[in-house]
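Accompanying notes for the structure given below.
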Amino acid sequence: MNQTDPAAQELPSAYSPKAVEDKWYSLWESCGLFTPQRTDAPPYTIVIPPPNVTGILHMGHALNNTIQDILIRWKRMAGAPALWVPGTDHAGIATQNVVEKKLAREKKTRFDLGREKFVEEVWRWKKEYGSTIVRQLRKLGSSCDWSRERFTMDEGLSRAVRHAFVRLYEDGLIYQGHRIINWCPRCQTALSDEEAPYQEVEGKLYYYHYLSKDPATGALVKDEKIIIATTRPETMLGDTALAVNPKDRRYKKLEGKEIYLPLQDRRLAFIKDPLIDPKFGTGIVKVTPAHDPNDFVMGERHRLASINVLHPDARVNENGAPYQGLDRFEARKRILADLKEKGLFVKEEPHRHKVPHCYRCHTVVEPYLSKQWFVRMKPLAEKALQAQEEKRIRFYPQRWTKVYLHWLNNIQDWCISRQIWWGHQIPVWFCGSCQKPYASVTDLTSCPSCHGADLKQDPDVLDTWFSSWLWPFSTLGWPDDTADLKYFYPTSALATAQEIIFFWVARMIMAGLYFMKEVPFRDVYIHGTVRTDSGQKMSKSLGNAIDPLELISEIGADALRFSIVMLTASGQDAYLSKEKFELGRNFTNKIWNAARFSFSNLKDFRALQPGFLPPLKGLGVVDRWIVSRLEHVIREVDGALAAYRFNDAASALYHFFWHDFCDWYLELSKPVFYGEDRPAKEKTSAVLLFVLETYLRLLHPFMPFLAEELWQKLRAYYRDTQSMPESILTAAWPGFERKKVSAPAEFEMGLMQQAIGGIRDLRAKLNIPPAKPIEAVVRVADPGLLEKIGRFDAAIRHLARLESLSIVTEFERRPTHLSNVFKEMEIFVRVEGVVDLAAERARILKKIEEVSKLLDQLAHRLSNADFISRAPEEVVEKERARQTELQKILGDLKDNLALFESVR
RNA sequence: GGGCGAAUAGCUCAGUUGGUUAGAGCGCUUCCCUUACAAGGAAGAGGUCUGAGGUUCGAAUCCUCAUUCGCCCACCA
């Protein structure tokens with residue numbers, strides 16, 4: 001990429017991201033930098049949680065994709081062929097709703113168009129608007145391999161869906177059955193249990209009488225003994241029995257009585273079932289097998305008839321005469337009124353309860369008896385449980401493992417058919433002559449058994465998640481055994497929100513194990529939900545959302561990325577407000593200005609190539625200190641990323657740059673740059689360049705644009721740029737080098753900072769004008785520190801604006817050479833020997849002793865055969881992990897000790 | 001009804017297997033437009049770490065109980 005003339009580097013004093021971001025993104029993309037090559041090295045793979053084609057980028061996406069991009073850019077720099085597979089989800093119901101709404105504006109319904117035309121219409125919509133979110137992901141800086149972009153209804157994935165279906169069908173894991181399912185009367189389709197979440201509503205519990213036959217007259221009369229309680233009176237039209245608990249003695253006398261349904265005067269059965277809770281309501285329950293899951297179970301058990309009383313749109317059907325044609329809630333009102341009129345109504349009570357709602361349109365879902373396709377989940381779940389036991393998948397934070405296991409252990413069969421038109425049509429054909437169903441990967445035109453041509457494909461489509469659960473391998477070419485699939489599967493990490501652990505994560509694991517015989521990913525990172533600062537879930541419909549794109553145009557993608565990562569503690573929900581993003585905006589500007597300052601002082605300095613650093617021994621304490629601090633940051637960032645602690649990594653980057661590099665190192669470099677000592681200038685220039693260049697590489701995964709912009713400008717300061725990668729994107733990730741850590745330099749620097757802080761504090765307290773030079777006395781606690789702090793004489797005088805500085809120990813009297821002017825306010829600053837080097841050394845020795853002792857204990861325990869065989873596996877493994885951890889710590893401590901001794 | 005998370009500075013939150021003086025951002029107070037940055041610099045105030053017990057040489061951290069929020073799961077009609 002282009003070389004920059006240092007003379008031309010007159011940069012504006014405020015960072016403006018606009019000019020920078022689009023330029024670099026299109027360059028990266030056009031140079032193919034997001035597309036990894038398959039090599040011998042182990043790859044690093046992430047598949048994107050495919051956003052809905054109807055989606056527009058919200059803060060949740062911003063967080064989710066920033067995290068993935070950080071991981072991918074980090075691993076790419078670390079040398080792995082890093083693949084991030086992007087794509088979108090066809091989002092069956094959601095997309096169909098959008099297009100139906102559009103039709104409604106033209107006063108049309110999908111039925112006016114017919115299935116074929118309607119699906120064409122949705123495709124047209126997809127072509128026009130479906131790439132919105134994909135463009136927006138680019139704005140965020142997501143370094144996806146767009147050459148591998150997929151859509152859950154593209155040709156390849158449709159083929160994968162059919163293969164998966166047929167395979168499960170042939171293995172007997174897919175079946176069709178009459179069941180009570182969740183039915184959305186507005187979308188007019190079945191929903192899976194996960195798609196019908198319970199929401200608490202303020203409802204009512206209605207009490208009323210049923211009828212029995214008067215033994216004398218034979219007439220149907222109100223039975224004083226029979227009162228039931230229900231929240232949905234309208235379902236009584238489908239009642240076929242009353243039920244009590246077998247242990248409930250109160251209702252013994254009801255046995256043998258002829259019981260009738262009010263309003264319709266239909267005869268009902270009387271049953272006993274343990275499902276009934278005697279304590280709820282009156283202990284008598286109306287049984288409606290066609291409209292309640294529990295009642296359905298009882299109905300099967302007691303061979304009751306089931307009467308469906310609702311049309312698919314939740315209007316009462318012919319079985320519910322005389323209420324036929326009424327909407328379910330209207331029917332409820334009328335039925336209650338009629339019960340009152342007949343004197344059967346007893347009372348109503350307020351009743352808070354939870355009712356399932358459609359997750360797309362929030363309509364109250366109706367339990368509805370219908371014929372649907374199901375996947376038998378038990379066998380799939382067993383494999384997933386086993387994989388978890390073998391620790392082939394890890395959740396971060398760990399606590400989600402439990403949530404996931406609980407779901408697997410209580411798994412229900414998955415209703416996969418939907419009565420909508422947009423989606424993968426179920427690949428089953430029914431033969432008109434022999435009536436048999438056939439599942440097939442290719443379209444059937446004649447019956448495989450009777451060869452008749454009267455075939456009809458099942459009209460339903462599959463649940464959207466039936467295509468997304470194949471995503472980690474279908475996007476890589478499955479069912480074909482492609483080179484991509486061989487190389488990149490299983491993927492490395494999945495980053496997603498907690499809301500879709502069941503919908504998606506768990507099912508992907510099951511599908512991966514079933515179809516690929518291998519887990520789809522090793523690590524699952526579950527991040528929090530983005531909320532407003534008052535705790536509401538951020539959503540467009542609530543009107544409380546911060547639009548990430550607007551924010552990007554104001555402060556830039558880098559600032560957004562950095563803020564959101566810094567503000568989101570690992571796995572916790574993020575409470576955001578617009579002001580909070582100033583954090584990142586200010587930081588980008590700080591980096592920009594620090595770079596400006598560096599450029600103007602480096603002037604015509606040239607290092608041979610990046611990574612050049614003068615010999616450590618020849619460097620002063622300040623230089624060794626900043627290099628040492630940088631090493632700490634490298635280690636912290638690396639460790640934090642490996643543990644999915646992104647906010648830790650971000651704060652390490654933030655703190656180092658702002659409070660070490662800018663506040664101290666750059667300030668201390670000023671006297672050097674403004675002075676005349678040429679060798680000193682050379683050294684400081686070299687160190688400054690080294691630190692800046694290394695830091696930009698560390699920063700790149702978090703702030704890709706700014707890092708690239710500044711890194712490219714650094715090219716001007718090297719003589720050999722041939723060896724420099726074209727883009728920071730492919731530059732090497734900084735590696736931790738223990739030999740660059742200098743505990744003594746950090747210690748001495750700490751002394752200096754303490755002295756300067758003390759003087760500044762006194763200055764402020766005594767109201768001495770900042771520009772006024774003063775004389776100060778620094779008193780140190782330990783005579784051994786006298787010489788150490790004396791080395792900083794010039795620096796302290798510079799940063800604390802002193803005219804003169806005396807350093808004394810506690811035992812000396814105060815010096816007499818202070819001028820008369822300041823006699824009355826002579827400044828005393830006491831520098832506590834934070835710890836003396838000797839004390840620090842002693843501390844390390846003690847720690848080594850402690851750790852060694854612990855290690856001995858552990859080794860002893862782990863060599864005990866009894867312990868190994870008896871203790872739970874987890875405990876043993878934990879102890880082993882602790883052992884390696886402690887060994888690492890011991891190594892570090894010993895290195896540190898060696899350092900102390902080498903410096904003395 | 002089960003399960004999970006949270007309670008730390010005025011606000012929003014960090015605090016990684018228990019360890020010197022509990023941190024950050026924002027806000028606040030004082031001073032400073034000092035030749036990178038006022039989107040900045042220097043200094044400062046502000047904390048009985050929700051409460052009560054317990055374990056320990058040592059607890060914000062571990063255990064028990066309580067209180068208050070939030071989330072998830074479940075067939076209470």
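Every heavy atom of this structure was used, including side-chain atoms; hydrogens, water molecules and symmetry mates were not. Protein chains get the first letters and strands the later ones, always in sequence-line order, with residue 1 at the start of each.
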Could you tell me which residues satisfy ring pair (Phe, Tyr, Trp, His ring centres under 6.0 Å) with A:Y654, sequence neighbours excluded, listed by chain and number? A:F587, A:W658

Protein-nucleic acid N or O pairs under 3.5 Å, nucleotides 74-76 of chain B:
residue, atom, partner, partner atom, Å
B:C75, O2', A:N294, ND2, 2.5
B:C75, N1, A:N294, OD1, 3.4
B:C75, O2, A:N294, OD1, 2.9
B:C75, O2, A:N294, ND2, 3.2
B:C76, O2, A:D277, OD2, 3.1

Quick one: list whatever passes ring pair (Phe, Tyr, Trp, His ring centres under 6.0 Å) with A:H798, sequence neighbours left out. none

Read 5' to 3' with Watson-Crick or G-U pairs under 3.5 Å, [ ] for crossing pairs and | for partners on another strand, RNA chain B gives (((((((..((((.....[...)))).(((((.......))))).....(((((..]....))))))))))))....

Residues that A:K272 engages under side chain to side chain donor-acceptor pair (under 3.5 Å), provided they are two or more places apart: A:E255

Identify, with sequence neighbours excluded, every residue that meets side chain to side chain donor-acceptor pair (under 3.5 Å) alongside A:D277. none

Sequence-distant partners of A:R332, side chain to side chain donor-acceptor pair (under 3.5 Å), two or more places apart: A:E234

Salt bridge (Lys or Arg N to Asp or Glu O under 4.0 Å) partners of residues 648-658 of chain A, not counting sequence neighbours, each pair once: A:R645-A:D648

Check nucleotides 3-6 of chain B for protein N or O atoms closer than 3.5 Å to its own N or O atoms and list the pairs.
residue, atom, partner, partner atom, Å
B:C4, OP1, A:K402, NZ, 3.0

State which of B:C72, B:G25, B:A14 makes the closest approach to the side chain of A:N647. B:A14

Identify each atom pair where a protein N or O and an N or O of nucleotides 37-42 of chain B are less than 3.5 Å apart, giving names and distance.
residue, atom, partner, partner atom, Å
B:C37, O4', A:N593, OD1, 2.9
B:C37, O4', A:N593, ND2, 3.4
B:C37, O2', A:N589, ND2, 3.3
B:C37, O2, A:K590, NZ, 3.1
B:C37, N3, A:K590, NZ, 3.0
B:A39, O4', A:N586, OD1, 3.3
B:A39, O2', A:N589, ND2, 3.4
B:A39, N3, A:R585, NE, 3.4
B:G40, OP1, A:N586, ND2, 3.2
B:G40, O3', A:K590, NZ, 3.2
B:G41, OP1, A:K590, NZ, 3.1
B:G41, OP1, A:W658, NE1, 2.4
B:A42, O3', A:R760, NH1, 3.3

Residues forming a ring pair (Phe, Tyr, Trp, His ring centres under 6.0 Å) with A:W664, sequence neighbours excluded: none

Ring pair (Phe, Tyr, Trp, His ring centres under 6.0 Å) partners for A:H406, two or more places apart: none

